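Just so you know, these numbers come straight off a predicted model, no measurement behind them. Numbering of ligands and ligand atoms starts at 1, following listing order.
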Amino acid sequence: MKLNYIAGKWIAGESSTRNINPANTKDIIGEYTKASVDQVNEAVAAAKAAFASWSIYNIQARSEMLDRISKAILARKEELGELLAREEGKSLPEAIGEVGRAAQVFQYFSGEVLQMRGDYQPSIRPGLDIQVSREALGVIGIITPWNFPIAIPAWKIAPALAYGNCVVFKPADLVPASAHALAEIIVEAGVPEGVFNLVMGAGRSVGETIINHKDIAGISFTGSQGIGQHIAVTAAKRMAKIQLEMGGKNPLVILDDADLNQAVDVAINGAFFSTGQRCTASSRIIVTEGIYDAFIKAFEERTRALVVGDPLKAGTQIGPVSSESQFKQNLEYVNSGLKEGATLICGGEAVIRETDGYFMTPAIFTEVRPDMRICREEIFGPVACVLKVKTYEEALVMANDTEFGLSSGICTQSLKYASHFKQHSQAGMVMVNVPTAGVDYHVPFGGRKGSSFGSREQGSYAREFYTSVKTSYTLA
Ligand code: NAD
């Protein structure tokens with residue numbers, strides 16, 4: 001059985017969870033222990049005790065540690081990619097790519113360790129000088145979802161450690177294997193006792209203990225909107241700092257002047273890759289009427305040709321849905337779209353493959369009305385809604401007509417519309433002629449409205465959450 005890592009030791013918890021391959025439910029990846037509430041408290045105490053020395057730990061040594069983590073991840077890229085594909089279900093190339101991203105993130109933050117920049121300013125009072133500096137926040141609770149089992153943990157753990165914080169990390173219950181492998185690498189890199197703790201288990205016990213703990217100074221969470229809102233309310237009661245990355249209902253606008261092939265590539269990638277299980281997935285495709293018929297024809301053809309199957313098999317483009325509950329939910333959304341009067345032009349069906357798994361064909365709905373559930377709620381599966389509009393102006397209004405605001409996209413050859421969209425789209429990330437999903441690691445990641453709360457993740461913007469600002473006055 002795979003164990004938790006608490007206060008410098010690998011420890012068994014009170015129960016365990018079985019990690020099952022969603023492409024082959026007979027393939028058991030392993031048994032993973034679940035931490036008890038007492039063990040989570042021990043992890044927080046160990047992190048608190050380690051903070052004093054870790055926050056002032058030599059920055060060269062800390063930087064080298066993160067670099068070692070990056071190199072160790074890269075050295076095991078293929079093996080970890082296979083593990084990730086087996087537990088989460090994304091295709092092997094996507095899974096290996098995700099592991100590579102985790103390595104890049106650690107490498108980036110090994111450099112950021114040396115960038116704890118401050119400010120020096122003269123005072124309005126004679127003889128005084130002012131220093132504005134940044135300090136580590138304290139113990140950070142990190143809570144992650146199942147859809148990026150190694151990249152999301154990496155982009156939270158790396159900055160937390162880089163800026164001198166200690167970590168209590170709870171991965172999603174569904175996908176503990178990649179998180180556990182990452183923890184092993186972090187431990188092998190020589191991170192001191194207590195600085196990094198892994199507590200696997202359920203949200204309602206392990207997660208609740210973290211978010212309610214008085215010694216957790218900051219919570220970085222990625223997951224659903226409902227749990228994010230619950231964390232916001234809980235953390236507000238004790239004034240803990242929070243960073244919440246939640247759902248999306250991301251629009252992709254396709255204008256008459258778009259390059260048709262490029263627009264179809266962008267839509268296919270954004271809507272269906274990773275089985276649509278990306279917070280940045282394109283789920284509302286808004287198309288102007290001049291290109292509508294040609295786009296639908298090509299989009300449908302390409303969607304029907306997508307290969308759904310075993311993520312480990314060469315040629316598979318769309319793996320299974322990651323869990324039985326998500327699978328059922330996707331099919332329920334397909335039903336709800338039909339009941340509300342949308343037209344299902346292809347896909348949306350459960351399909352049988354050689355092994356027992358949660359396979360479904362990617363679905364396209366047309367004749368979608370903006371008030372339908374499939375057009376308003378995050379589905380988190382391979383289901384795309386297409387909406388027809390007359391003008392760019394109408395498309396923009398429709399794109400912004402959502403409670404979410406994570407990413408958005410437009411396909412156009414017009415500089416005028418591209419610039420206008422970049423300025424007026426109510427999303428944290430705007431893409432022109434590229435999929436709504438797919439980001440760089442050295443620039444801010446995050447959204448607006450109901451998608452995100454708190455400061456941005458990734459790149460140097462991560463410093464905002466993981467550090468606290470201090471203003472010191474000195475009379476010389
Ligand atoms: P989820 O909210 O169910 O779970 C996320 C994490 O929170 C898990 O580790 C879970 O165990 C934990 N959790 C559950 N209840 C908790 C509680 N009461 N207290 C503390 N922790 C608790 O989300 P999920 O199903 O794992 O992931 C899918 C969601 O994640 C989607 O909504 C998707 O949009 C979102 N997501 C967002 C981003 C982003 O950056 N915006 C990225 C990836 C996924």
Side-chain angles (χ1 to χ4, degrees), residues 17 22 32 34-35 37 40 87-88 90 98 101 141-156 168-176 178-179 198-213 216 219-235 240 242-250 274-283 321-327 329-330 333 377-381 402-408 427-429 436-439 441 444-458 462 465:
T17 193
Y32 290 78
K34 288 179 166 200
V37 167
V40 180
E87 74 170 344
E88 199 273 347
K90 64 185 65 173
E98 185 183 330
R101 173 53 54 96
I142 291 178
I143 301 178
T144 56
W146 49 261
N147 64 329
F148 283 94
I150 195 163
I152 292 181
W155 80 51
K156 294 180 189 294
V168 175
F169 166 44
K170 190 204 98 58
D173 220 7
L174 190 68
V175 289
S178 303
L198 171 72
V199 285
M200 297 179 287
R204 64 184 171 279
S205 55
V206 175
E208 279 293 331
T209 310
I210 291 173
I211 65 174
N212 280 290
H213 204 295
I216 296 270
I219 302 159
S220 183
F221 164 85
T222 299
S224 60
Q225 202 187 34
I227 303 293
Q229 284 166 347
H230 168 64
I231 291 176
V233 170
T234 308
I242 49 173
Q243 176 180 58
L244 310 173
E245 288 299 343
M246 299 162 287
K249 192 71 191 169
N250 311 295
S274 296
T275 322
Q277 298 171 150
R278 296 188 286 192
C279 50
T280 47
S282 318
S283 57
V321 177
S322 294
S323 68
E324 190 181 5
S325 61
Q326 184 68 49
F327 182 62
Q329 185 178 305
N330 292 351
Y333 269 115
E377 297 171 17
E378 182 184 48
I379 298 176
F380 219 57
T402 167
E403 63 171 305
F404 295 106
L406 189 55
S407 70
S408 68
M429 296 172 290
T436 54
V439 296
Y441 59 85
F445 178 96
R448 296 182 182 176
K449 303 201 282 191
S451 287
S452 299
F453 189 84
S455 50
R456 290 286 189 265
E457 300 206 73
Q458 304 205 43
F465 175 74

Row check, F221 ring normal vs K170 NZ/CZ: under 6.0 Å, within 45°: no
Interatomic distance, I219 atom CD1 to I211 atom CD1 [nearest 0.5 angstrom]: 6.0 Å
May I ask you to identify the nearest protein heavy atom to [atom], giving residue, atom name and distance to one decimal place in Å?
atom: atom 18 (N) of ligand 1; answer: E208 OE2, 2.7 Å
atom: atom 27 (O) of ligand 1; answer: P145 CB, 3.3 Å
atom: atom 11 (O) of ligand 1; answer: K170 NZ, 2.8 Å
atom: atom 15 (N) of ligand 1; answer: I227 CD1, 3.4 Å
atom: atom 35 (C) of ligand 1; answer: G223 O, 3.1 Å
atom: atom 12 (C) of ligand 1; answer: I143 CG2, 3.6 Å
atom: atom 41 (N) of ligand 1; answer: M246 O, 2.6 Å
atom: atom 40 (O) of ligand 1; answer: F445 CE2, 3.1 Å

Would one find an N or O of [X], backbone or side chain, under 3.5 Å from an N or O of ligand 1?
X: T144; value: yes
X: S224; value: yes
X: W146; value: yes
X: T222; value: no

Short list, please: which atoms of ligand 1 are under 4.0 Å from a heavy atom of [X]?
X: H230; value: 18 (N)
X: I211; value: 19 (N)
X: F221; value: 2 (O), 5 (C), 6 (C), 7 (O)
X: I152; value: 42 (C), 43 (C)
X: A172; value: 9 (O)
X: L406; value: 41 (N)

Geometric class of the F380/W146 ring pair [parallel <30°, tilted 30-60°, perpendicular >60°]: perpendicular
Relative to ligand 1, is [X] under 4.0 angstrom through side chain, backbone, both or neither, heavy atoms considered?
X: F380; answer: side chain
X: N147; answer: side chain
X: D173; answer: neither
X: P171; answer: backbone
X: E378; answer: side chain

Closer than 4.0 Å: a protein non-hydrogen atom to atom 4 (O) of ligand 1: no
Q326 (side chain) donor-acceptor with G381 (main chain) under 3.5 angstrom: no
Check: V175 main-chain N/O paired with E88 side-chain donor or acceptor under 3.5 Å: no
Winner among [options] once heavy atoms are compared against [atom]:
atom: atom 17 (C) of ligand 1; options: S322, G248, G203; answer: G203
atom: atom 39 (C) of ligand 1; options: S407, A437, C279; answer: C279
atom: atom 21 (N) of ligand 1; options: P176, G446, S451, G207; answer: G207

Distance-only side-chain donor-acceptor flag, E378 / Q225, under 3.5 Å: no
Non-hydrogen atom of G447 closer than 4.0 Å to ligand 1: no
Distance-only donor-acceptor pairs under 3.5 Å for side chains of residues 199-208, two or more places apart:
residue: E208; atom: OE1; partner: N212; partner atom: ND2; Å: 3.0
residue: E208; atom: OE2; partner: H230; partner atom: NE2; Å: 2.5

